[in-house]
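Just below is one structure, and these are the notes that go with it.
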2 protein chains.
Amino acid sequence: MNAVGSRLLTRSTEDYLKAIYSLGGDAGLPVQTAAIADALGVAAPSVSGMLRRLAEAGFLEHIPYRGVRLTDDGRRVALRMVRRHRILESYLTSKLGYDWDSVHDEAERMEHAVSDDLIERMAQVLGSPSYDPHGAPIPTPAGEVEELKHVPLAELGVGQWGELRMVSDKDPERLRFLKSVGLEVGTRFQVIERQPFNGPVTIRVAGRQPQPLGNELARSLGCAARETEGAA
Amino acid sequence: MNAVGSRLLTRSTEDYLKAIYSLGGDAGLPVQTAAIADALGVAAPSVSGMLRRLAEAGFLEHIPYRGVRLTDDGRRVALRMVRRHRILESYLTSKLGYDWDSVHDEAERMEHAVSDDLIERMAQVLGSPSYDPHGAPIPTPAGEVEELKHVPLAELGVGQWGELRMVSDKDPERLRFLKSVGLEVGTRFQVIERQPFNGPVTIRVAGRQPQPLGNELARSLGCAARETEGAA
DNA sequence: ACAAGAAATTAGGTGGCCCTAAATATGAAG
DNA sequence: CTTCATATTTAGGGCCACCTAATTTCTTGT
């Protein structure tokens, strides 16, 4: 199953490959050293060294001074970690009472320790979910991920209806804020107002006061545009 | 909560302290380097070095060439790991369909990765169990463990009744064998025959053929002596 | 076309934990 | 009391993954 010769599947390897994947490696784009360093909270030279080792092990192609691209092998490892992470988040939320703003860290540590067997048992208990609690699609065990066609909330026009579909799990504070203003995955809202030049976007959720959202936040929310107030 | 100064709470530290604890450190006995090396599958000099670091960190007292003894701090860490391990085994068995011969390894890896919070949530979902699936007592979050007064099966007399109470979780093959001959925690049996000088002990479980058990195995099974065939 | 700034890599070093080989301490038997 | 086997420690290395400082390469504006 795990192809290539000498393996080196350590925790660090898994973290690097997952970070590279989520930094654009999913679209096969080259990813820069600095972006990886930033995502993992390590210094750039540490990344340089690690990329060399990962390239030697066959997980990625490295064009010096340009960036890296995952090989099929590297992508396989990354997707396995993404599946693990999302199944764990789903399980912890649904079976152990975790809230969507607190599952991320727990899943992040567990994803390196548990067996494939445990992940599949969890998936089974949950009825093989397709999305995690933040609306992110869960890759299949074979490594297939659904392509999402969400639009950032920031790109909806004034007066338009939308439904929140996906939110990053990485920032607990942001998640708590969203919940406090009534925004969860599946929440419908209407865009009420937009300040020019990247100012806040104001939306209204049924039964709530109009709520301004900073533009950066609005860019981070994956939505589906809706014709009317009702219906999917 | 975690007392003492410079911490160094790595996976290896946790493994060493847990091993020392279960090697007799629970009774405050000095534990030898070679025993630790054997339990952890590392070379003796590696243990020597690690013991020095652990002693410096305040987890144990080291009398050179004599052995080590856990400090209160060391015992606290060890008991925390034991609680984690046993809660995890209980949870995996009861909620995710694991069998008693396969939970050990999974729990062994997870116990280093999960948070105290997760462990307590699992304990709560299970109703705060006192024993794990192998009959071992689960320490409280405060680090108290029940003293067990089991007798090894090997010490029961011919004709005497007993009830299996505890079995080591470390050897899957042994566990599968026990299950195959109808022995689980709680199973009652009668000692039918005993060969002299550490030979096999033959027991009978209700509705089964008499079953010989090697003496080493019989020594490893914790039992309660029973007056008759019935009753607790 | 080139100089400046940004990004990446190399150089050199650290700590944790492992190893083998060699030296040394302990303790049991003669 | 000495000797010898066994247990332990020291000596000397290696690997992984991190760090800072210095250097090299790329890119972009003039």
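FYI, side chains are in, hydrogens and waters are out, and symmetry mates aren't considered; it's all heavy atoms of this structure.
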- Given atom CZ of A:Arg11 and atom P of D:dA17, what is their separation to the nearest angstrom? 12 Å

- Message: Suppose we screen for ring pair (Phe, Tyr, Trp, His ring centres under 6.0 Å). Which residues come up paired with B:His104, at least two apart in sequence or across chains?
- Response: B:His85

- Item | Donor-acceptor contact below 3.5 Å, side chain B:Thr33 vs main chain B:Ser48 | no

- More than 12 heavy atoms from other groups under 6.0 Å of CD on A:Gln124: no

Please produce a list of atom pairs where a protein N or O lies less than 3.5 Å from an N or O of nucleotides 26-29 of chain D.
residue: D:dT27; atom: OP1; partner: A:Arg66; partner atom: NE; Å: 3.4
residue: D:dT27; atom: OP2; partner: A:Arg66; partner atom: NH2; Å: 3.2

- Query: Charged N to carboxylate O under 4.0 angstrom, A:Arg86 versus A:Asp169?
  - Reply: no

- Task: Would you indicate what A:Ala34 reaches in the nucleic acid, counting non-hydrogen atoms under 4.0 angstrom: base, sugar-phosphate, or nothing?
- Result: sugar-phosphate

- Item | Rounded distance in Å - NE2 (B:His62) to P (D:dA7) | 15 Å

- Message: Taking the nucleotide of DNA chain D with the nearest heavy atom to each, does B:Ala35 or A:Gly41 sit closer to the 5' end?
- Response: B:Ala35

- Query: Salt bridge between A:Asp101 and A:Arg174, side-chain N to carboxylate O under 4.0 Å?
  - Reply: no

- Message: Rounded to whole Å, please give me the gap between CD1 in A:Ile36 and C1' in D:dA17.
- Response: 15 Å

- Item | Start and end of chain A contact along DNA chain C [non-hydrogen atoms, under 4.0 Å] | C:dA8 to C:dT10

Residues 128-139 of chain B side chain polar contacts: donor-acceptor under 3.5 Å, at least two apart:
residue: B:Tyr131; atom: OH; partner: B:Glu146; partner atom: OE1; Å: 2.7
residue: B:Tyr131; atom: OH; partner: B:Glu146; partner atom: OE2; Å: 2.8
residue: B:Asp132; atom: OD1; partner: B:His134; partner atom: N; Å: 2.7
residue: B:Asp132; atom: OD1; partner: B:Gly135; partner atom: N; Å: 3.1
residue: B:Asp132; atom: OD1; partner: B:Ala136; partner atom: N; Å: 3.1
residue: B:His134; atom: ND1; partner: B:Glu89; partner atom: OE1; Å: 2.9
residue: B:His134; atom: NE2; partner: B:Trp100; partner atom: O; Å: 2.8

- Task: Using the test side-chain hydrogen bond (donor to acceptor under 3.5 Å, both in side chains), find all partners of A:Arg121 that sit at least two apart in sequence or belong to another chain.
- Result: A:Asp117

- Task: Using atom CG of A:Asp15 as one end and atom P of D:dA17 as the other, report the distance to the nearest whole Å.
- Result: 11 Å

- Query: Hey, are A:Arg176 and A:Asp99 close enough for a salt bridge, meaning a charged N less than 4.0 Å from a carboxylate O?
  - Reply: no

- Query: Is the closest basic N to carboxylate O distance between A:Lys18 and A:Asp15 below 4.0 Å?
  - Reply: no

- Item | Interface with DNA chain C, restricted to residues 45-55 of chain B and to heavy atoms under 4.0 Å | B:Pro45, B:Ser46, B:Met50, B:Arg53

- Message: Quiz question: by atom type and distance under 3.5 Å, do the side chains of B:Thr10 and B:Thr13 form a donor-acceptor pair?
- Response: yes

- Message: Closer than 3.5 angstrom, by distance alone: can the side chain of B:Arg109 be matched with the main-chain N or O of A:Ala113 as a donor-acceptor pair?
- Response: yes

